[in-house]
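Throughout, numbering of the chain's residues begins at 1 and tracks the sequence.
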Amino acid sequence: MREFKSLGLEHHGSNAETVKPNTSAGCRENNSVTICSPYLSVVIDCNLFYTIQSGRITSFFQMRKRKNSSERKDVEVLGKRLRSDVNVKPQEVQPEVINGRSPMGIFDRLPDHIFDTFAENCSWRSLAKVAQTSRTCAVRIVNFIRRDVCVNRFVRDSEIYGITKTKTTVDNPFTNLGHLCRTVFYASECSQQLLQFCTKVSAKITDLKSWSRFLFNISTLIASSSGNFDHCKQIIDLVLEMKITWINEDNVVKKRAIREFISEVVHSQQAGDLQKEEMKVREVIRDLVIDQTHLDDQQQAIWMTCLMRTFPKLQQQARLLMIALAPTMKEGVSDVIDWRSLCDRDVSDQNDAELRIKPLALFISKLSTLNVSRDRSMSWTNTELFNLIEEVSTCPEPWAFDNFIAFLIQEPLLIPIALTARMTHDYVEEAGNLVSAMKTLLFRWNIDVKKALSDAFTSTMKSLSVNLRREFLSSVHEAHARSIKSLVTSTRVEIQEEMKAQAEFNPLLQEVIILL
């Protein structure tokens with residue numbers, strides 16, 4: 001009896017496959033053996049086994065080396081040790097000629113289920129190498145991925161990884177399967193099959209952060225290559241249907257779908273009514289998108305857009321963004337979202353602004369740079385961004401004025417959006433007040449006023465008509481005059497601060513006059 005390892009197949013336990021010599025005369029003449037197991041019953045040419053180089057997985061495909069003289073001697077010695085009824089003579093083990101253009105290599109001579117058994121016992125990365133040998137191999141591996149045996153294997157591997165939490169990519173099933181799926185997608189255009197696989201696995205996976213990383217990598221790849229972001233929306237739907245563990249107020253452990261959980265929080269009557277639930281939703285969103293450091297700005301913007309637009313109203317989208325990125329505070333031993341932080345307490349300095357305000361400004365800035373020209377449903381217009389900024393900065397109540405100014409300063413890309421919309425909708429005086437407050441706050445933080453506002457100011461001027469440009473500059477000068485007038489009863493330090501800030505801002509005003 002010989003263990004059936006010649007094709008790289010290993011089975012453990014009582015059901016391990018064995019090879020029985022076939023003692024019939026016809027079989028001896030043809031050098032064939034019979035495989036007997038609960039799963040396999042095939043007859044394979046013995047010559048086939050001696051042409052396989054078992055050291056590398058790609059040895060099963062394309063190239064076959066001829067044996068040198070020393071290898072022939074080894075075969076001769078081996079032949080003497082075999083039982084007489086399956087003895088192989090040296091002249092009978094010459095490598096069989098296989099067509100180099102055969103897409104499946106040696107597996108063209110074997111039943112289909114042999115390949116599936118082979119795939120089941122290979123590592124994910126080894127299968128990726130096999131998929132690269134031909135398009136036919138890639139399609140066969142796609143069919144394997146769709147089978148329940150592959151789903152169960154991946155779930156089992158992910159559970160082991162969840163316990164060990166090894167950081168090496170060699171043992172990370174999410175990384176390895178992602179590498180395999182990226183390979184077979186390019187080879188066989190199997191996006192729909194991949195989505196079916198993800199649907200099966202999502203119901204069984206508990207490691208949300210790792211699973212979403214796998215999903216987002218794959219679907220972003222599909223979207224970037226095809227320009228179709230429907231897959232991203234379908235993936236988000238899959239993720240939202242996943243169940244998370246939740247301990248309610250009665251300390252009863254329950255599992256609830258992510259969609260149901262987020263919907264309850266977003267639709268609550270007042271922000272802060274469901275503090276524990278809000279923090280759980282914050283944790284989920286950060287695991288899904290914000291803390292996924294492998295995603296670039298465009299990918300993060302795509303996924304957050306998909307997530308936000310599962311809710312139709314802009315107010316709900318703004319609350320979801322605030323839940324994910326608003327400042328937090330301690331209440332007892334637990335962290336809760338500090339909804340009043342930006343409404344009641346002005347920023348004290350630049351560091352305070354970066355801690356409490358910059359995360360929100362940065363993420364909205366990412367949305368503004370999202371460039372998906374082939375799918376308008378994934379893009380944000382300046383009007384939509386302006387409305388989103390207004391909803392965020394009034395959630396749950398209007399922010400302190402200095403906090404809103406700090407919000408714009410943190411990401412200058414947002415300044416033209418805020419100013420242009422106000423000028424277009426006849427809020428000229430408000431636009432001038434924003435500019436005046438920005439240059440004063442920048443001076444107070446020892447930031448070069450001209451350098452910080454130059455691009456934003458020029459972009460705003462170019463987006464306006466000639467008449468609106470004149471009105472805009474006029475409103476800026478009037479806002480400065482009002483500031484000086486209001487400081488008449490103030491201290492000398494405050495007056496000097498305003499005058500010095502204006503002096504740093506004047507060179508920029510001189511430069512943009514040519515645009516009139």
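Around CG of Asp426, the count of heavy atoms belonging to other residues, nucleotides or ligands within 6.0 Å does not exceed 12. Around atom NE2 of His425, no more than 12 heavy atoms belonging to other residues, nucleotides or ligands sit under 6.0 Å away. Atom CD of Gln315 is surrounded by 12 or fewer heavy atoms from other residues, nucleotides or ligands within 6.0 Å. Heavy-atom neighbours of Tyr427 OH from other residues, nucleotides or ligands within 6.0 Å: at or below the threshold of 12. Other residues, nucleotides and ligands contribute more than 12 heavy atoms inside 6.0 Å of the CE atom of Met329.
With Asn403 contributing its side chain and Leu342 its backbone, the two residues share a donor-acceptor pair below 3.5 Å. For the pair Thr460 (side chain) and Ala456 (backbone), a donor-acceptor distance under 3.5 Å is present. Panel note: side chain Glu411, backbone Ile364; no donor-acceptor pair is recorded below 3.5 Å. Side-chain atoms of Thr420 come within 3.5 Å of backbone N or O of Pro416 as a donor-acceptor pair. Looking only at distances, a side-chain donor or acceptor of Ser486 sits under 3.5 Å from a matching main-chain atom of Ser483. No side-chain donor-acceptor contact under 3.5 Å links Ser263 to the backbone of Arg259. For Asn506 (side chain) and Gln502 (main-chain N/O), a donor-acceptor pair under 3.5 Å exists by modelled atom type. Counting only distance, with no hydrogens or angles, the side chain of Arg469 and the backbone of Leu464 share a donor-acceptor pair below 3.5 Å. A donor-acceptor pair under 3.5 Å links the side-chain atoms of Arg282 to the main chain of Ala326, judged by distance alone. In this structure, the side chain of Thr458 does not engage the main chain of Asp455 through any donor-acceptor pair within 3.5 Å.
Minimum interatomic distance between Leu442 and Ala452 (heavy atoms only, all atoms of both residues): CD1-CB, 3.8 Å. Listed here is the closest heavy atom pair of Phe261 and Glu277: CE2-O, 3.7 Å. In terms of heavy-atom proximity, Val265 sits nearest to Leu274 at CA-CD1, 4.3 Å. In terms of heavy atoms, Ala501 sits closest to Thr440 at CB-CA, 4.0 Å. Taking all atoms of both residues into account, the shortest heavy-atom contact from Ser341 to Arg356 is OG-NH1, 2.8 Å. Taking both residues in full, the closest heavy atoms of Trp445 and Ala406 are given as CH2-CB, 3.9 Å, listed atom of the first, atom of the second, then distance.
Once rounded to the nearest 0.5 Å, the distance linking CD1 of Ile290 with CD of Gln300 reads 7.5 Å. Once rounded to the nearest 0.5 Å, the distance linking CD1 of Ile145 with CG of Leu127 reads 8.0 Å. With rounding to the nearest 0.5 Å, the separation of CD in Gln316 from OG in Ser268 is 10.0 Å. Rounding to the nearest 0.5 angstrom, the gap separating the CG atom in Leu468 from the OG atom in Ser474 is 12.0 Å. Rounded to the nearest 0.5 angstrom, Glu264 CD and Glu278 CD are separated by 10.5 Å. Of the inter-residue distances, the one linking Gln298 atom CD with Thr369 atom OG1 reads 5.0 Å to the nearest 0.5 angstrom.
Classification of Arg309 and Glu384 as a salt-bridged pair holds, one side-chain N sitting under 4.0 Å from a carboxylate O. Salt-bridge annotation for Glu390 and Arg422: present, with a side-chain N of the basic residue lying under 4.0 Å from a carboxylate O of the acidic one.
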Should Val512 and Leu473 be marked as a side chain to side chain contact (heavy atoms under 4.5 Å, CB included) after you check the CA-CA gap, both sets of side-chain angles, and the distance that decides it?
CA-CA 9 Å; Val512 298; Leu473 287 180; 4.0 Å; yes
Start with the C-alpha distance between Met438 and Leu408, add both sets of side-chain angles, then the distance that settles side chain to side chain contact (heavy atoms under 4.5 Å, CB included), and finish with yes or no.
CA-CA 8 Å; Met438 279 189 281; Leu408 297 177; 4.2 Å; yes
Full working for salt bridge (Lys or Arg N to Asp or Glu O under 4.0 Å) between Glu391 and Arg319
CA-CA 8 Å; Glu391 287 291 344; Arg319 182 180 288 192; over 6 Å; no
Quick one, Trp380 with Ser368, criterion side chain to side chain donor-acceptor pair (under 3.5 Å). Give me CA distance, side-chain angles, the key distance, then yes/no.
CA-CA 6 Å; Trp380 292 82; Ser368 71; over 6 Å; no
Quick one: do His480 and His477 satisfy side chain to side chain contact (heavy atoms under 4.5 Å, CB included)? Show the steps, please.
CA-CA 5 Å; His480 171 62; His477 287 293; 5.7 Å; no
In sequence, state the C-alpha distance, the side-chain angles, and the governing distance for Asn433 and Glu429, and then conclude on side chain to side chain contact (heavy atoms under 4.5 Å, CB included).
CA-CA 6 Å; Asn433 290 336; Glu429 182 177 328; 4.0 Å; yes
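Counting heavy atoms from C-beta outward, Phe363 and Val289 have side chains that approach closer than 4.5 Å. With a 4.5 Å cut-off on side-chain heavy atoms, Leu388 and Leu367 count as touching. At least one side-chain heavy atom of Met308 sits under 4.5 Å from a side-chain heavy atom of Leu321. You'll find the side chain of Val336 stays beyond 4.5 Å of the side chain of Lys330, heavy atoms only. You'll find the side chain of Glu397 reaches within 4.5 Å of the side chain of Cys343, heavy atoms only. The closest side-chain heavy-atom distance from Val466 to Arg470 is below 4.5 Å. Under the 4.5 Å side-chain criterion, counting only non-hydrogen atoms from C-beta, Ile513 is in contact with Gln510. Using a 4.5 Å cut-off on side-chain heavy atoms (C-beta onward), Met322 and Trp339 make contact.
A cation-pi contact, defined as under 6.0 Å to the ring centre and within 45° of the axis, is absent between Arg345 and Trp399.
With Lys439 as reference, Glu498 is the one residue of Glu497, Glu504, Glu498 to meet the salt bridge (charged side-chain N to carboxylate O under 4.0 Å, His left out) rule.
The salt bridge (Lys or Arg N to Asp or Glu O under 4.0 Å) check on Glu354 picks up nothing, with sequence neighbours excluded.
Below 30°, between 30° and 60°, or above 60°: for Phe505 and Phe457 the angle between ring planes is above 60°, a perpendicular geometry.
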